[in-house]
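Read the structure below first, then the notes.
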Amino acid sequence: MRPDRPAMAAPEESLRRRKAEAAGPVHGSPPGPGRDPAGCPARLRAGTFWLTRIVLLRALAFVYCVAFLVALHQNKQLIGDRGLLPCSTYLRSVQRHFRGQVSWDAVSYAPTILWLLDWSHMDSNLDALALLGLGISSFILVFGCANMILMAALWVLYMSLVNVGQIWYSFGWESQLLETGFLGIFLCPLWTLSPLPRGTPTSRIVLWGFRWLIFRIMLGAGLIKIRGDRCWRDLTCMDFHYETQPVPNPMAYFLHRSPWWFHRFETLSNHFLELVVPFFVFLGRRMCVLHGALQILFQVVLIISGNLSFLNWLTIVPSLTCFDDATLGFLFPAGPGGLKDRVLKMQEEETRGPQAPLTCGRMARRAANLALGVLITWLSIPVVVNLLSPQQVMNSSFNPLRIVNTYGAFGSITKERTEVILQGTASSNASSPDAEWEDYEFKCKPGNLRRRPCLISPYHYRLDWLMWFAAFQTYEHNEWIIHLAGKLLTNDAQALSLLAFNPFAGRAPPRWVRAEHYRYKFSRPGGQHAAEGKWWIRKRLGPYFPPLSLQDLKGYFRSREWPYPEPS
C-alpha cells in the first residue's frame, strides 16, 4: 500500500491550500498590486489629493486656454495700436499721472510686463502674450501636469493683459481667474513636470485656499442679492433675468416662459446654494463633497441657461478641491501602471513604510505654503469686512495683483431689456426722410429679430457684453462707442471683425452713422411673432446718439489721442 501514499497526498495538499486561500493570505505575503486581499480591485482611500490636483490643473488650464484665445482674437481690435481704447494711450496716461516716468508707483498701479516692451508695436506684443499663454495652458491641459514656473508664467501673462485691458477687462471673472491662477502656482512642484510628483504632495494650505475662494464667491453672490434688489427678497427676480441678462442663449428664451411657481423655486434654490451650502465646506469630508457636487451642478445649470463668458466654468475649478482621490478615482482608468494604480501604490507605501525624510527642499516648500496661508489671511481681512458690511461692494480688488478679491453677481436685475442698434446710411443728408438707414449686426447680442439667440459659453465677445451696459447708460459714459462709430464710417476692417454683419460690405462706407435705442422683449413661443420666425419683438425708444459724420469726429479723436480712422 505504500506506493499509494504519495498519490493520496496530492489531493490533501491541494485541499489544505484551498482552505488557506479561503482563510486569507499567509502572514507576511502582500497581496498583488492594485488588488485587495479578497482578489477584488483595491479602492483608493480618502484623504489624499494626487488625482484631485491633475483634475484641478486641467480644469484651470482649460479656462486659461479660453481666456487667452479670446485675447488673441479680440485684443488688437479693443486695446491694440488702433483699438477702441488703445492700451499704449492708457499706459502713457498712467505714466503722466506719475510724473512722466516708468516708476515703481506706475508699475504697481498697473502691473504688466508691457512696461518693458516696445509700445510702437503693441499689436505684436499683445499677440505674443496671448499666444504664449495659449501654448502653455494647452500643454497643461493635454498632459495634466505643470510646475510653479509654468503656472506663474500664465498668471503673469494674464495679469499683464487684465491691467491694460481697461473697461474690456473690468469683469469680476478676470480677477477671479487671477486669484485662482495664483493659488494654482502653489499646487505644483518647482521644476518637476510629472502628473504625480512623489516629493510634492498637494498642500492642505493650498486646498483650503481654494475652498476659501469658493466660499467667498458664493457667499458674496448671495449676500449682494439679499442686500441689493428687492426682487431677490420677494422671489420675483427670475421673472426677468432670462430676458434681461447680458447675452441670452436659446434655452433662456424658453425658461423665461416658465410658470411663476418655477421662478419662485429657482430663486429660493439660488438663495440656498449661495447662502447656506457654502458653509458645508467646513463641516467635514462628506458635507464638503456634497458642497462641491451641489456647486458644480449649480454652475452647470447656469451654463445651460445663459452665456456668462467663462465665469461658471471658472467657478467649478475651486469646487473640485472638495473631492479627494477616493471621490475622483472613477474618472481614471483602473489598468495596471495607470495613474490610479500608481496613486494606490503610493497610498500603500505611505501606510506601510516610514515617512520620507524632511529635506531642505521639503522644508522650503512648507515654509512657502505657510507664507501663502499668512498672506491669504492678511489680504482676506478687508474682504471679510466687506462681506459683513451693509454697503457691500462686489467684484472689487484691494491690491493691484488681485490675489484676494470680493465677488458677487446680479446684485440688481434690470426689469426691461434695452439695446443700442448702430445704423449707417449712404445718404448725403442724414435728416432726409428718404435716408435709408441699415443696421449693423453684432456677433451675439440681440439685434435682428429673426436671429436665434447664440450659444457661445465659455467663449466671450467683450464688445457685445459692453453694449449691454451701454444700453442703460449714455454714450457720454461709454466714449468707446463713438470711436466705434468713427471706424464704421471708414469700413475699418479690424473693427468690423468684431461684428457679424456689415451692411456696407463691398461698397463705399456710410456717410453717416447713428445709434438708436430700442426696448427688446422675447416673443411668445407659439405666438404670432414666433410663427413669423421672430425670437424678439422691439419698440423704438428714441435716439441714443445723433447722426455723425467722419468730419464731426476729428476734434473728438484728437482730444483723446485716438488714431484718426482712415477710409479703407
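For clarity, every value in this text was computed on a predicted model and none was experimentally measured. Atom set for the values below is all heavy atoms of this structure, side chains included, hydrogens, waters and symmetry mates excluded.
Cation-pi geometry between Arg264 and Phe262 is not met: the NZ or CZ atom fails to fall both under 6.0 Å from the ring centre and inside 45° of the normal. Within the cation-pi definition used here (under 6.0 Å to the ring centroid, within 45° of the axis), Arg514 qualifies as a partner of Trp437. In this structure, Arg211 satisfies the cation-pi test against Trp208, with its NZ or CZ atom closer than 6.0 Å to the six-membered ring centre and inside 45 degrees of the ring normal.
Once rounded to the nearest 0.5 Å, the distance linking CG of Leu387 with CG of Leu219 reads 5.5 Å. Rounding to the nearest 0.5 angstrom, the gap separating the OH atom in Tyr440 from the CZ atom in Phe504 is 5.0 Å. How far CD of Glu419 is from CD of Glu516: 14.0 Å, rounded to the nearest 0.5 Å.
Panel note: side chain Lys415, backbone Ile413; a donor-acceptor pair is recorded below 3.5 Å. Formation of a donor-acceptor pair under 3.5 Å by the Glu441 side chain with backbone atoms of Asn448 is found in this model. When atom types are taken as modelled, the side chain of Glu476 and the backbone of Thr474 share no donor-acceptor pair closer than 3.5 angstrom. Between the side chain of Tyr64 and the backbone N or O of Ala59 there is no donor-acceptor pair closer than 3.5 Å. For the pair Ser175 (side chain) and Gly172 (backbone), a donor-acceptor distance under 3.5 Å is absent. Judged by distance alone, the side chain of Arg58 and the main-chain N or O of Val142 form a donor-acceptor pair under 3.5 Å. With Ser457 contributing its side chain and Leu308 its backbone, the two residues share no donor-acceptor pair below 3.5 Å. A distance-only check finds no donor-acceptor pair linking the side chain of Tyr544 to the backbone of Leu422 [under 3.5 Å]. In this structure, the side chain of Asn163 engages the main chain of Pro111 through a donor-acceptor pair within 3.5 Å. Looking only at distances, no side-chain donor or acceptor of Gln528 sits under 3.5 Å from a matching main-chain atom of Arg524.
More than 12 heavy-atom neighbours from other residues, nucleotides or ligands sit within 6.0 angstrom of CZ on Arg285. Within 6.0 Å of CE on Met251 lie no more than 12 heavy atoms contributed by other residues, nucleotides or ligands. Within 6.0 Å of CZ in Phe282 there are more than 12 heavy atoms belonging to other residues, nucleotides or ligands. Around NZ of Lys521, the count of heavy atoms belonging to other residues, nucleotides or ligands within 6.0 Å does not exceed 12. Residue Glu436 places its CD atom among 12 or fewer non-hydrogen atoms of other residues, nucleotides or ligands, all under 6.0 Å distant.
Nearest heavy-atom pair, Gly486 versus Leu553, reported as atom, atom and distance to 0.1 Å: CA-CD1, 3.6 Å. In plain terms, the two heavy atoms of Gly181 and Trp155 that are nearest each other are C-CD1, 4.1 Å. Nearest heavy atom pair, residue Asn307 against residue Ile456, reads OD1-N, 2.9 Å. In terms of heavy-atom proximity, Asp439 sits nearest to Gln423 at OD1-NE2, 2.8 Å. Looking at every heavy atom in both residues, Asp239 comes nearest to His256 through O-CE1, 3.2 Å. In plain terms, the two heavy atoms of Asn312 and Leu302 that are nearest each other are ND2-CD1, 3.5 Å.
Among Thr315, Asn395, Asn405, the one residue that satisfies the side chain to side chain donor-acceptor pair (under 3.5 Å) test with Gln176 is Thr315.
Under 3.5 Å, the side chains of His483 and Tyr556 contain no donor-acceptor pair of N or O atoms. Remark: the Gln392 side chain and the Asn386 side chain contain no N/O donor-acceptor pair separated by less than 3.5 Å. Defined by atom type and a distance below 3.5 Å, a donor-acceptor pair is missing between the side-chain atoms of Glu416 and Thr244. No donor-acceptor contact under 3.5 angstrom links the side chains of Glu243 and Tyr520, judged on distance only. For the residue pair Arg540/Tyr518, the side-chain donor-acceptor check at 3.5 Å is not satisfied.
In this structure the side chain of Trp480 reaches within 4.5 angstrom of the side chain of Leu463, judged on heavy atoms. With a 4.5 Å cut-off on side-chain heavy atoms, Glu479 and Arg560 count as touching. Proximity of Arg45 to Thr48: side-chain heavy atoms (C-beta onward) are separated by under 4.5 Å at one or more points. Residues Leu548 and Val513 fail the side-chain proximity criterion, which asks for heavy atoms closer than 4.5 Å. Residues Asp434 and Ser427 fail the side-chain proximity criterion, which asks for heavy atoms closer than 4.5 Å. In this structure the side chain of Pro250 reaches within 4.5 angstrom of the side chain of Leu455, judged on heavy atoms. Between Phe310 and Leu177, the closest side-chain pair of non-hydrogen atoms falls below 4.5 Å. Counting only heavy atoms from C-beta outward, the side chains of Leu499 and Leu488 approach each other to under 4.5 Å.
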Could you check Arg216 against Glu179 for salt bridge (charged side-chain N to carboxylate O under 4.0 Å, His left out), going step by step and ending with a plain yes or no? CA-CA 12 Å; Arg216 287 183 288 110; Glu179 181 171 351; 2.2 Å; yes
Kindly determine whether Glu274 and Lys225 satisfy salt bridge (charged side-chain N to carboxylate O under 4.0 Å, His left out), including the steps that lead there. CA-CA 10 Å; Glu274 292 184 341; Lys225 290 180 176 67; 3.3 Å; yes
Evaluate Tyr253 against Ser523 for side-chain hydrogen bond (donor to acceptor under 3.5 Å, both in side chains), listing each step before the verdict. CA-CA 8 Å; Tyr253 175 81; Ser523 64; 2.9 Å; yes
Between Thr327 and Asp324, is the side-chain hydrogen bond (donor to acceptor under 3.5 Å, both in side chains) condition met? List the steps. CA-CA 5 Å; Thr327 312; Asp324 55 20; 2.8 Å; yes
Could you please spell out the steps behind the side-chain contact (heavy atoms from CB on, under 4.5 Å) verdict for Leu161 and Thr112? CA-CA 7 Å; Leu161 296 177; Thr112 173; over 6 Å; no
Check the pair Tyr158, Phe68 against ring pair (Phe, Tyr, Trp, His ring centres under 6.0 Å), reporting the backbone distance first and the verdict last. CA-CA 8 Å; Tyr158 200 67; Phe68 282 114; 5.4 Å; yes
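Side-chain rings of His529 and Trp535 stay apart, their centers remaining 6.0 Å or farther from each other. Close placement of the Trp212 and Phe215 rings is indicated, their centers lying within 6.0 Å of each other. Separation of the Phe171 and Tyr169 ring centroids does not fall under the 6.0 Å cut-off. Taking the six-membered ring for Trp and the full ring otherwise, Tyr461 and Phe442 have centroids separated by 6.0 Å or more. In this structure, His241 has its ring center closer than 6.0 angstrom to the ring center of Phe410.
Salt-bridge formation is detected for the pair Glu174/Arg462: a Lys NZ or Arg NE/NH1/NH2 atom is positioned less than 4.0 Å from an Asp or Glu carboxylate oxygen.
For Cys237, the disulfide (SG to SG under 2.5 Å) partners two or more places apart in sequence, or in a different chain, are Cys231.
Using the six-membered ring where Trp is involved, Trp536 and Phe522 have ring planes that are parallel, under 30° apart on the 30 and 60° scheme.
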